[in-house]
Amino acid sequence: PQWRSRFLTKPDHATYYVGMNNRIKPFDNPLVRQAVAMAIDKKRLVRLVNGRGVPARGFLPPTLPGANPQVQGAPYDPARAKALLARARYPHGFATTYWCSNAQTSLKIAQSIQYDLSRIGIQATLRPLAFPVFLSAVGREGNVPIFTGNWSQDFPDPSNFLGTIFSSRAIRPVNSLDTTFFSNAQVDRLLDTAARTMPEPSRFGLYRQTEQLILELSPVVPLFHPKRYALAQPGVKGLELHPVWPVDAERIEVTR
């Protein structure tokens, strides 16, 4: 408690999510993907990582320039999730293999999601792998049905999240950046138009439309945005957590 005033925290420009391969049954069915989105308790996930995150409403981190503060993803509603599975002709659910990294946080997240999916009838067998092996696996076409993914910015702009991960141009047979193999003509058109639009209000508006459409089609389920932390000695002045760099050193002053 005595260090509370010297303790800084801020959501990172990153997103943990569940990805579903849109070319592998039954995740080629948007009703199934929407059911998965409604089955996951995001607040419990944040508790499992010791509160070091913000539950995600959209795919874009809330502090990213252009992020929509009014964005609304799927609500947590297991009963509606089961009804959607029934509409998709899976009234008793189905079995699948859930892939994840074997890192402690990733495995903990996967186990929680495994429990949530079991409550709506989806029996997921976990397949944890070393991260390089996992990364190669999810980038291979027709290989991984459902998985835990995460993305951290290369630069602070919506294009780096939406254009990189959801454009059909990012699909490759191997080493695909679009690891859900999601392809939608309207999303592509919006991304292409936004890439050619210079004034920020108009460009950000296009990205907000794109994000909302992606959430409705549900190739991914945004889970949470991790937080960054820093603790400063009393003699350190001007320290702020920067959205791009770990530390913005030119504004820091150190006194005795």
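Here, residue 1 is the first one in the sequence, and each next residue gets the next number. Note that the coordinates shown come from a computational prediction; the quantities given were computed from them, not determined experimentally.
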Would you find a donor on one side and an acceptor on the other, under 3.5 Å apart, between the side chain of [X] and the backbone of [Y]?
| X | Y | result |
| --- | --- | --- |
| Gln212 | Gln72 | yes |
| Ser101 | Phe134 | no |
| Asp116 | Asp41 | yes |
| Arg57 | Pro69 | yes |
| Thr255 | Gly235 | yes |
| Arg140 | Pro173 | no |

>> One pair to check against side chain to side chain donor-acceptor pair (under 3.5 Å): His13 and Ser152. What are the steps and the verdict?
In response: CA-CA 6 Å; His13 284 178; Ser152 296; over 6 Å; no
>> Please determine whether side chain to side chain donor-acceptor pair (under 3.5 Å) holds for the pair Asp154 and Asn160, giving the CA-CA distance in whole Å, both sets of side-chain angles, and the decisive distance to 0.1 Å.
In response: CA-CA 7 Å; Asp154 298 300; Asn160 185 236; 3.1 Å; yes
Taking side chain as C-beta onward, heavy atoms only, is [X] less than 4.5 Å from [Y]?
| X | Y | value |
| --- | --- | --- |
| Pro61 | Leu64 | yes |
| Asn102 | Leu129 | no |
| Glu216 | Leu213 | yes |
| Pro145 | Trp99 | yes |
| Asn184 | Leu217 | yes |
| Leu206 | Leu190 | yes |

Would a single hydrophobic cluster contain both [Y] and [X], if residues Ile, Leu, Val, Met, Phe, Trp and Tyr are joined by side-chain heavy-atom contacts under 4.5 Å?
| X | Y | result |
| --- | --- | --- |
| Met20 | Val32 | yes |
| Leu117 | Tyr16 | yes |
| Leu31 | Met38 | yes |
| Tyr76 | Tyr115 | no |
| Ile122 | Ile109 | yes |

Can you tell me how far the [atom1] atom of [X] sits from the [atom2] atom of [Y], to the nearest 0.5 Å?
| X | Y | atom1 | atom2 | value |
| --- | --- | --- | --- | --- |
| Ile24 | Thr97 | CD1 | OG1 | 10.0 Å |
| Arg33 | Thr180 | CZ | OG1 | 8.0 Å |
| Lys108 | Cys100 | NZ | SG | 13.5 Å |
| Thr193 | Arg203 | OG1 | CZ | 12.5 Å |

Does atom [atom1] of [X] have more than 12 heavy-atom neighbours from other groups under 6.0 Å away?
| X | atom1 | value |
| --- | --- | --- |
| Tyr229 | OH | yes |
| Arg44 | CZ | yes |
| Gln104 | CD | no |
| Lys42 | NZ | yes |
| Arg6 | CZ | yes |
| Lys25 | NZ | no |
| Arg228 | CZ | yes |

>> Please determine whether a side-chain nitrogen of the Lys or Arg among Glu141 and Arg23 lies less than 4.0 Å from a carboxylate oxygen of the Asp or Glu.
In response: yes
> Between Asp77 and Lys82, does at least one N-O distance fall below 4.0 Å, as a salt bridge requires?
Replying inline: no
>> Which residue is it: Thr15, Asn68, Leu162, Thr210? I am looking for the one with a side-chain contact (heavy atoms from CB on, under 4.5 Å) to Leu60.
In response: Leu162
> Of Asp188, Asp178, Asp192, which is the lone residue that meets salt bridge (charged side-chain N to carboxylate O under 4.0 Å, His left out) with Arg169?
Replying inline: Asp192
So, for [X] and [Y], is the gap between ring centers shorter than 6.0 Å?
| X | Y | answer |
| --- | --- | --- |
| Tyr98 | Phe147 | no |
| Phe27 | Phe94 | yes |
| Tyr207 | Phe161 | no |

Where do [X] and [Y] come nearest, in terms of heavy atoms and distance?
| X | Y | result |
| --- | --- | --- |
| Ile113 | Val18 | CD1-CG2, 3.5 Å |
| Val220 | Gly19 | CG1-CA, 4.2 Å |
| Ile40 | Leu45 | CG2-CD1, 4.0 Å |
| Gly58 | Leu215 | CA-CD1, 4.0 Å |
| Pro62 | Ala67 | O-CB, 3.9 Å |
| Leu241 | Ala230 | CD2-CB, 3.7 Å |

> What pairs with Ala86 under side chain to side chain contact (heavy atoms under 4.5 Å, CB included), at least two apart in sequence or on another chain?
Replying inline: Pro91
> Which class fits the ring pair Phe166 and Phe59: parallel under 30°, tilted 30 to 60°, perpendicular over 60°?
Replying inline: perpendicular
